[in-house]
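Read the numbers this way: they start at 1 and go in the same order the structure lists the ligands and their atoms.
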Amino acid sequence: MLAAVPYWWGAAVPPRLPKRTPQRRCDVLIVGAGYTGLSAGLTLARAGRSVQIFDRQRPGEGASTRNGGIASGNLRPSYRQMRRKFGKARALALAAEAKAAREDLAAFIAREKIACDFELTGRFTGAATAADYESLAREAEHLRNDLRIEAYAVPRDEQMRVLGTEFYHGGLLRNDIGGLHPAKFFVGLLAAAQAAGATVHGETAVLGLLPKAGGFAVKTAAGPVEADHVIVATNGYTDSVDPWLRRRLVPVRSRIIATAPLSNNLMADLMPKRVMCAETRKLHYYYRPAPDGTRILFGGRDGSIVGDPAWPTQHLQRALTDIFPVLDGVPITHGWWGNVAMNRDMIPRIFSRDGLRYAVGYCGSGVVWARWAGQKAAWQILGDERAQSALDFRPPPAIPLFNGTAWFLPAVYAWLGLQDKWRRPTARAEAETHHGP
Ligand SMILES: Cc1cc2nc3c(=O)[nH]c(=O)nc-3n(C[C@H](O)[C@H](O)[C@H](O)COP(=O)(O)OP(=O)(O)OC[C@H]3O[C@@H](n4cnc5c(N)ncnc54)[C@H](O)[C@@H]3O)c2cc1C
C-alpha cells in the first residue's frame, strides 16, 4: 500500500499548533512558515523585534517538510549562461553566494544543534550524453579554479565506484553538497524561532495586505494585525493574497517516491558512497539514500496540474528502474509531491516592492537558499551590514499570459521529455543495452 504522505513525516510531522488570537500590532509580520519565514522570524526575534509568522497550512506543510533534503544551493543556469545574461561580476557573485550559503547552513545546523542527520556526503551529477560529460568536466574545472570547491570529473569506466549504474556517460562529483532530513531540520528551525520569541500561527491564512502610513494593515483569518514590515515567504504556495507575485512564480509539482527497505548489500552496490545524486537530462531526476541508508528516495518534477493522477508516480518508478534495473518490481512505500517555485530567469530572489519584502523563487533548491534568503531579508529590515546579497536585484519578470494557473506545464514537460529522447536513445532502451543478456 502506497502512503501518500512524505516518508519524512514518519520521524517529524508538521505540527498542529494551538490556535491563538494574533497580537494587534507587531514589528514584522511574515506570510508563510516554511524555511524562509522561520529563518527570517528567528533572525528578527533574536534582534529583539516582535514577530508574527502566519501559515495557512500547518507550519512546514508546504515544501519545507516534503523536499528531498539535498543541500545543494543550486543555481539552475550554468556559470557561462549567467555570465552571458548578467555579466561576469554578478555571475561570480551568485556562484560565490551559493558557496557561502551552503557553508552557512552547515555552520547554522552545528551552532543550533539541530539533529537533522545532516552529512556532507558529496553529490554526483550523471551525464546523459558524452557531450554533457565534457561540459561537466569543464564545470569541475571552474568549481576548482574559480571557487576553490573540491570537484572532479568521474569517467564512465570509474562511475560504478560512486553509483551502481551504467546509465550515465560518467559525471561530476563535488564534495561541498550534502543531505539532511528536511522535516527534522524544519522542526529544529521552528523550535529555535519560537524559543527566540517569534509567534507562529498555523492554519491561519493571511487574506489581505494593505499599505498604510508607516507599515501595513494585514487581514488574517484570525483577525487584523498592524505591522511596520511584512515579509512575503510563500514561494511555491503563493496565492491570491499577492496577485502581482503570482504572475512571477510558476508553481511546479516536484514528486518523490521511497522504495521499501533494501538489503545492506544491495544498497552498498547501488550507492557505495552514499552521495546525493542529480543528472543532466532536461527532465531530470534527483535521488539519494535515506539518511539511515536503508532505502532510496527518488524524485523528479512533472507537468501534472490538477487532481492527483497516478501516472507521475508510475513514471518515477520507471525512471528509477531505468537507472537501477535491479530495482524492477521493488515495492514503493511512499509517494508524495509539493510545489516548487520557478521564475523566468531561474535565480532565487530577495527584493522589495511598495514596502513589501520578498524572499522567493528558489527553483527547487530551497534547502540552502530559503534559510539563507529569509535571514538576508531579516538583516535588510534590521539594517545589518550582512544584508547585502547578489540575489537582491530587480524582481523576476511577469510571465506572459500567466496568472497563477500553470496551464502550459503539460506542454513544457512533454517538450523536455522529447528533447531527452532526441539527445540519446530512450533511457529504457539504453539501460537494456547495458544490462540485457
Ligand atoms: C518534493 C520536493 C522536493 C524538493 N527537493 C529539494 C531538495 O532536495 N533540495 C532543495 O534544496 N530543495 C528542494 N525542494 C525545494 C524546497 O523544499 C523549497 O525551495 C523550500 O522548502 C522553500 O521554502 P519556503 O519556506 O520558501 O516555502 P514553503 O516551505 O513552501 O512555505 C511556504 C508557505 O507559505 C504558506 N502560504 C502561502 N500563502 C499563504 C497565505 N496567504 N497565508 C499564510 N500562509 C501562506 C504555505 O502554506 C506554505 O506553507 C523540494 C521541494 C519539493 C516540493
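- Looking at R49, its side chain never comes within 3.5 Å of a backbone N or O of V28 through a donor-acceptor pair.
- For N235, every heavy-atom contact with ligand 1 shorter than 4.0 Å involves the side chain, none the backbone.
- W337 does not carry R66 over the face of its six-membered ring by the limits of under 6.0 Å from the centre and within 45° of the normal.
- Below 4.0 Å from some heavy atom of N339 lie the following atoms of ligand 1, by number and element: 53 (C).
- Residue contacts with ligand 1 include Y35, since one or more of its heavy atoms lies under 4.0 Å from the ligand.
- The residue from R253, R56, H201 that puts a heavy atom closest to atom 44 (N) of ligand 1 is R56.
- Using a 4.0 Å cutoff on heavy atoms, A205 counts as a contact of ligand 1.
- Contact check on R148 versus D146 returns no salt bridge, with no Lys/Arg side-chain nitrogen under 4.0 Å from an Asp/Glu carboxylate oxygen.
- At a threshold of 4.0 Å, the pair D392-R349 does not count as salt-bridged, since none of the basic side-chain nitrogens sits closer than that to a carboxylate oxygen.
- Every atom of ligand 1 with a heavy atom of D239 under 4.0 Å away is listed here by number and element: 38 (N), 39 (C), 40 (C), 41 (N).
- For the pair R371 and W369, the cation-pi test (distance below 6.0 Å, angle within 45°) is failed.
- The nearest non-hydrogen atom to atom 6 (C) of ligand 1, considering only V31, N67, T238, comes from N67.
- Between F108 and F185, the ring planes lie perpendicular to each other; the angle is over 60°, past the 30° to 60° tilted range.
- At a 4.0 Å heavy-atom cut-off, ligand 1 touches V367 through backbone and side chain alike.
- The ligand atoms of ligand 1 that sit less than 4.0 angstrom from a heavy atom of G32 are 33 (C), 34 (O), 35 (C), 44 (N).
- Under a 4.0 Å heavy-atom criterion, G299 is not in contact with ligand 1.
- Taking the six-membered ring for Trp and thresholds of 30 and 60 degrees, H142 and Y79 have nearly parallel ring planes, at less than 30 degrees apart.
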